[in-house]
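Just so it is clear, the model here is predicted, and its values are computed rather than measured. FYI, the numbering just counts along the sequence from 1. First listed ligand is number 1; within each ligand, the first listed atom is number 1.
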Amino acid sequence: MDRRAIGFMDSGVGGLTVVKEALHQLPNENVIFLGDEARLPYGEKSPKEIKKFALQISRFLVNKGIKTLVIACNTATAHALKLLQHNLDIPVIGVIYPGSLTAVRSSKGRRIGIIATNGTIKSKAYEKTIKSISDDTTLFGLGCPRFIPMVEAGKDKSEEDQKIVNHDLLPIKKDNVDTLIMGCTHYPIMRNLIQNAVGFNVHLVDPGVAVIDDLKKVLKDNDLINSSLNKSKLEFYTTGSVHEFKHVAEEWLNLSIEVKHISISTLEEA
Ligand code: DGL
C-alpha cells in the first residue's frame, strides 16, 4: 500500500490523454502532472535540450514525493527515457514501447504509420522499437507539428481544423497503412479529426492508453499500489498560462481542477 502520487510529465496538455486513462483504470491513485507549456513545442527542440528539461521536471516531481514517473510525451520518451531511468531512484516508464507493441499486434498487413513531432520522427525511436518487435513490418513516419498548437488552443473541432488535418495527413493516407500510431500525446485530443482524415479502415493506436498496462505492472511488481478507497488527489502544474491550461484540461478531463503556475527558474533550481 503506497499513497504517494504517480508523476506525469509532458510539454503541454497532451500528457493529459495519458492521465485521463490512468484515472479511468487506476481510480485510487493520486496524480501530479506537469505541463511545460512555456517551452513547448518539444518537437522542435534539440535532444540535448529535451534531456535537460526532462531532468529538471523529473527532479521537481520527485521532490514532490512521487513513487513512479510516466513520461507522457513521445518526444521526451525518445530522447530522455534512458537518462531518467538511470538518474532517478523510482521506476520511470515511457510511451514508445507500449505504443509500438500495440501497433504491431493490431497490424495484419504489416504496414504501420506513425505521426508524431519532427523530433520523435527524426529520433527513429519508433522505427527501432518496432523493428525489434517485428522485423517484417514497414513503418511510415510523418511529422505533424501543426497539430500541437491547435490542441493547446482548443482548436480541434471546426471544419477549418478538419481541413488542416486532412491536408497534413495526405502523405500517410497515400502510404496505405492499416494501423496508425498517434505518436504524440496531444493527438488523441483530436482523434476524431485524425480518424476522419485517414478513413475508418485505419486502426488508430494511442500509446498513452497502452502505457497504462505497463504502469499497472510496475505498480504491482514494486508493491506501489494505492488500495485506499479515498478519491484520487490531483495536482496540476503548468509553466505556461494557468487560464489556457485549465480551459483545455477541464474540457478534456471533464473535471473541475485547480492548476498552479510553476516558473522555469523554479524548475531550474529543482
Ligand atoms: N506531447 C508531446 C509528444 O508526445 C510533444 C509536443 C511538443 O511539445 O512538440 O511528443
Side-chain angles (χ1 to χ4, degrees), residues 7-22 33-54 56-58 69-81 83-84 92-100 102-103 113-127 129 141-156 164-165 168 180-191 194 204-212 214-215 236-241 244-245 248-249 252-253 264 267:
F8 293 82
M9 57 167 283
D10 183 35
S11 62
V13 292
L16 296 175
T17 59
V18 189
V19 170
K20 187 173 182 168
E21 191 60 28
F33 176 86
L34 191 142
D36 193 7
E37 263 94 355
R39 299 186 288 196
L40 173 146
Y42 276 14
E44 304 300 318
K45 304 276 186 312
S46 70
K48 195 173 158 201
E49 279 174 296
I50 302 295
K51 285 190 174 89
K52 187 175 87 184
F53 300 164
Q56 290 170 353
I57 295 169
S58 62
L69 174 67
V70 180
I71 308 180
C73 172
N74 291 264
T75 317
T77 300
H79 297 311
L81 175 64
L83 177 77
L84 297 192
V92 181
I93 56 177
V95 282
I96 293 181
Y97 186 82
S100 302
T102 307
I114 158 88
I115 51 172
T117 64
N118 287 327
T120 300
I121 297 292
K122 271 192 230 147
S123 76
K124 299 204 182 306
Y126 271 99
E127 216 167 299
T129 310
L142 179 69
C144 298
R146 285 213 287 182
F147 298 175
I148 292 129
M150 284 170 69
V151 168
E152 287 288 331
K155 287 186 179 171
D156 49 61
I164 296 174
V165 174
D168 288 9
L180 179 64
I181 304 172
M182 296 184 284
C184 169
T185 51
H186 281 71
Y187 299 167
I189 296 181
M190 50 159 64
R191 183 185 191 114
I194 294 171
L204 296 184
V205 171
D206 180 351
V209 169
V211 77
I212 304 300
D214 285 24
L215 176 59
F236 296 93
Y237 294 89
T238 174
T239 58
S241 151
E244 282 165 27
F245 182 95
V248 180
W252 174 249
L253 296 174
I264 300 293
L267 289 183

Distances only, to 0.1 Å: what are the N or O pairs between ligand 1 and the protein that fall under 3.5 Å?
residue  : atom   : partner : partner atom : Å
ligand 1 : 1 (N)  : Asp10   : OD1          : 3.0
ligand 1 : 1 (N)  : Asp10   : OD2          : 3.4
ligand 1 : 1 (N)  : Thr185  : OG1          : 2.9
ligand 1 : 1 (N)  : His186  : ND1          : 2.9
ligand 1 : 4 (O)  : Asn74   : N            : 2.8
ligand 1 : 4 (O)  : Asn74   : ND2          : 3.1
ligand 1 : 4 (O)  : Thr185  : N            : 2.9
ligand 1 : 4 (O)  : Thr185  : OG1          : 3.3
ligand 1 : 8 (O)  : Ser11   : OG           : 2.6
ligand 1 : 8 (O)  : Tyr42   : N            : 2.6
ligand 1 : 9 (O)  : Tyr42   : N            : 3.2
ligand 1 : 9 (O)  : Gly43   : N            : 2.8
ligand 1 : 10 (O) : Asn74   : N            : 3.4
ligand 1 : 10 (O) : Thr75   : N            : 3.0
ligand 1 : 10 (O) : Thr75   : OG1          : 2.6

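- Applying the salt bridge (Lys or Arg N to Asp or Glu O under 4.0 Å) criterion to Arg146, with sequence neighbours excluded, gives Asp168.
- Under the ring pair (Phe, Tyr, Trp, His ring centres under 6.0 Å) criterion, Phe147 pairs with Tyr187, not counting sequence neighbours.
- Separating the SG atom in Cys184 from the CD1 atom in Ile121 is a distance of 10.0 Å, to the nearest 0.5 Å.
- Arg39 is not listed as a side-chain neighbour of Thr239, based on a closest heavy-atom distance of 4.5 Å or more.
- Glu244 places no side-chain N or O within 3.5 Å of a backbone atom of Ala153 that could act as its donor or acceptor partner.
- Under the ring pair (Phe, Tyr, Trp, His ring centres under 6.0 Å) criterion, Phe53 pairs with Tyr42, not counting sequence neighbours.
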